[in-house]
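These notes concern the structure reproduced below.
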Amino acid sequence: MLDQRLVRQNPELVVEQLGRRGLKLDLTGLQLIAQQQRDLEEQLSNLQAEGNRVGKEVGQRISTGASPAGPEVKELRELGNRLKQQVAVLDEEEKSLSARLREQLLGLPNLPSALSPEGVSEADNIEVKRWGEPRIEMGLQEHGAIAERLGLLDTERSVRIAQSRFVTLLGQGARLERALISFMIDLHARKGYREVLPPILVNTASLTGSGQLPKFAEESFRCADDDLWLTPTAEVPLTALHRDEVIPAEQLPLRYVAFTPCFRREAGSYGRDTKGLIRLHQFHKVELYWFCHPQHSDAAHEQLTRDAESVLEALELPYRRIELCTGDLGFSAARTFDLEVWLAGAGTYREISSCSTCAEFQARRSAIRFKEGKGTQLLHTLNGSGLAIGRTMAALLEHGQQADGSVALPAALWSYFGAERLTAEA
RNA sequence: GGAGAGGUGGCCGAGUGGUCGAAGGCGCAGCACUGGAAAUGCUGUAUAGGGGCAACUCUAUCGAGGGUUCGAAUCCCUCCCUCUCCGCCA
């Protein structure tokens, strides 16, 4: 959420900055609401102050001997009643304005960071770096075919269990998924991330706090009888972990690593990536999350991204880092690096991690502040996948495929997986 | 699901209509004492939004919302949540 003071006092700046995302906005209506709300609040507090004075005076008069039913007290009581009526009217107006203001503010995306490159679409994203040697050979298979051949997963039966875009992992496939989860969590925990296993059903306030609501309700699965949704990413429960808290500055940064299943409706992607592990309603992800001091958030963003990259490097998977242009940024993000892993069979780089700083956007929605000396300030939140498990498996299968049909795994996984390669099951 | 208890500041905990943003304690910070520390003493210590260069000041907040009243942490209503016991259950 944007600062309503900024919208009130400098709407031109907001329009200009959101314009960098490709939005053409007219904020005059919103600014008017914000101003009216502010004015009303002032009138209201003046009236309330007067009412408080009257109330106190009645008490004083009575305690110094005036008759509670006497004329002077009666007069004050009538004055109090008149004030109360006026307050009631203003209060109602103020509440409805505040609600409208908040509703509209919640629908506005974050301002892009000054560091984010200008651009209108994916095509304007900037490749920052490449790591590793992509395998480019004729005849490499895509992961879906490899997985099927090795019996790692069953898509058809998953439709019976749930519906399309779900997958059931079997045998070595299930074991590899589990190995990857443990491997990634351990790797990050060694660097000082605190491991978290949060609820994966989250309430409306949590989804609003991280920015998925109110705008993206159609992307999440919702429970019919409760105020609960299936979380689309661990970013949601992790942001909510400290909602409405004031954290002492010396405790920052707080760094968490969480494994969760993630659930997304993938509305509007019919027909895309229908095979394999790339786009599913349920997928698994290890997520990195920082709560940090605003002064350190740019450095933290780089560190978080490096921590995500270190997983790919440990798994010996070639990747590139892309910096998103302003037009391609997600709703809550101020600046984002995507990591794209090389899919040797598909012959393409594919997003496997998205590392964003949200600056104070989520902190304001979630009321997460820190205390430094006197007074509190909003802190900054950052998140990044470290990594998406399914896509990691896909990359490993395609990268490690051998002429004999087996798949060689990187040494880092041997102890977790219990073998050095995947082979056809007897 | 049934029965009961309860939600007050960072924490514990008092407070059943009047000047209460709220006693006391703990914790924390500063100062004093000390060679240094412990102990002790003093002072300070919520959040949000306004106004003011500032000292400071106004408003709101005692789970949430509504009501009674000149005045509500305190009385009434509704809702939410937590805890205990029973049932069920991994």
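In what follows, every chain begins at residue 1, and chains take the letters A, B, ... in the order their sequences are listed.
Annotation: A:His242 is in aromatic contact with A:Tyr256 [ring centroid separation under 6.0 Å]. Between A:His301 and A:Phe337, a ring centre-to-centre spacing shorter than 6.0 Å is recorded. With ring centers used as reference points, A:Phe221 lies under 6.0 Å from A:His281.
For the C1' atoms, the distance from B:C77 to B:U69 is 16 Å, rounded to whole Å. Separating the C1' atom of B:C62 from that of B:G17 is a span of 15 Å, rounded to the nearest Å. Rounded to a whole angstrom, the distance from the P atom of B:G44 to that of B:G25 is 13 Å. Taking atom C1' on both B:A46 and B:G21, the two are 8 Å apart, rounded to the nearest angstrom. Between B:C75 and B:A5, the distance separating the two P atoms is 15 Å to the nearest Å. Using C1' as the reference atom, B:C80 and B:G65 are 10 Å apart when rounded to the nearest Å. Nucleotides B:G49 and B:G2 place their P atoms 43 Å apart, quoted to the nearest Å. Taking atom P on both nucleotides, B:G10 is separated from B:C85 by 29 Å, rounded to a whole Å.
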Restricting to nitrogen or oxygen on both sides, can you table the protein-nucleotides 17-19 of chain B pairs closer than 3.5 Å?
unit_1 : atom_1 : unit_2  : atom_2 : d
B:G18  : N2     : A:Gly55 : O      : 2.6
B:U19  : O2     : A:Gln60 : NE2    : 3.2
B:U19  : O4     : A:Ser63 : OG     : 3.2

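Under the side-chain hydrogen bond (donor to acceptor under 3.5 Å, both in side chains) criterion, the residue pairs touching residues 192-208 of chain A are A:Tyr193-A:Trp290, A:Tyr193-A:Asp307, A:Asn203-A:Ser206, A:Thr204-A:Asp227, A:Thr204-A:Trp229, A:Ser206-A:Arg243, with sequence neighbours excluded.
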Completion exercise
Its contact letters, B for base, S for sugar-phosphate only and - for none at protein heavy atoms under 4.0 Å, make nucleotides 74-82 of chain B read ---------

Exercise for the section: Determine, for nucleotides 43-49 of chain B in 5'-to-3' order, which nucleotides have protein heavy atoms under 4.0 Å from the base (write B), from only the sugar-phosphate (write S), or from neither (write -). Expected result: ---SSSS

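Applying the Watson-Crick and G-U wobble criteria (two distances, each under 3.5 Å), B:A60 pairs with B:U47. Pairing for B:G24 is with B:C12, a Watson-Crick or G-U wobble pair whose two hydrogen-bonding atom distances lie under 3.5 Å. Judged by Watson-Crick or G-U wobble contacts below 3.5 Å, the nucleotide B:C53 has no partner. When both distances must be under 3.5 Å, the Watson-Crick or G-U wobble mate of B:G1 is B:C86. Checking B:C42 for Watson-Crick or G-U wobble geometry (two distances, each under 3.5 Å) identifies B:G30 as its partner. Across all strands shown, B:G6 forms a Watson-Crick or G-U wobble pair, both distances under 3.5 Å, with B:C81. Pair assignment for B:G18 gives B:C70, based on Watson-Crick or G-U wobble hydrogen-bonding distances that are each under 3.5 Å.
Using a 3.5 Å distance cut-off with no hydrogens or angles, the side chains of A:Ser406 and A:Arg421 do pair a donor with an acceptor.
Here the P atom of nucleotide B:A60 and the CD atom of A:Glu92 are 18 Å apart, to the nearest Å. Nucleotide B:U59 holds its P atom 16 Å from the CD atom of A:Gln43, rounded to whole Å. Taking atom CZ on A:Arg77 and atom C1' on B:U68, their separation rounds to 14 Å, with Å as the unit. For the pair A:Leu76 CG and B:U69 P, the computed distance is 17 Å after rounding to whole Å. In this structure, the CG atom of A:Leu40 is 15 Å from the P atom of B:A60, given to the nearest Å. The CD-P distance, from A:Gln85 to B:U69, rounds to 11 Å in whole Å. Taking atom CD of residue A:Gln37 and atom P of nucleotide B:U59, one finds them 18 Å apart after rounding to whole Å. The separation between A:Leu47 atom CG and B:A60 atom P is 11 Å, rounded to whole Å.
Salt-bridge formation is not detected for the pair A:Glu72/A:Arg77: no Lys NZ or Arg NE/NH1/NH2 atom is positioned less than 4.0 Å from an Asp or Glu carboxylate oxygen. Ion pair A:Glu103/A:Arg100 not flagged as a salt bridge, since none of the NZ, NE, NH1 or NH2 atoms sits closer than 4.0 Å to an Asp/Glu carboxylate oxygen. A salt bridge between A:Asp273 and A:Arg391 is absent, with no side-chain N of the basic residue lying under 4.0 Å from a carboxylate O of the acidic one. Between A:Arg265 and A:Glu218, none of the side-chain N atoms (NZ, or NE/NH1/NH2) sits under 4.0 Å from a carboxylate O, so this pair counts as no salt bridge. Salt-bridge annotation for A:Glu142 and A:Lys275: absent, with no side-chain N of the basic residue lying under 4.0 Å from a carboxylate O of the acidic one.
Partners of A:Asp328 according to the salt bridge (charged side-chain N to carboxylate O under 4.0 Å, His left out) rule, which considers only residues two or more places apart in sequence or in another chain, do not exist here. Judged as a side-chain contact (heavy atoms from CB on, under 4.5 Å), and not counting sequence neighbours, the contacts of A:Leu6 are A:Asp3, A:Asn10, A:Leu13, A:Val14, A:Leu111.
Residue order along RNA chain B, read from the 5' end via each residue's closest nucleotide, puts A:Arg53 first among A:Asn81 and A:Arg53. Residue A:Leu44 is the one, among A:Leu44 and A:Glu78, whose nearest nucleotide of RNA chain B lies closer to the 5' end (criterion: closest heavy atom).
No donor-acceptor pair under 3.5 Å is formed between the side chain of A:Ser116 and the backbone N or O of A:Pro112.
Across all strands, A:Lys74 comes closer than 4.0 Å to no nucleic acid atom at all (heavy-atom distances). Counting non-hydrogen atoms under 4.0 angstrom, A:Asn52 reaches the backbone sugars and phosphates but no base.
Judged by the 6.0 Å distance and 45° axis criteria, A:Arg264 is not positioned over the aromatic ring of A:Phe283.
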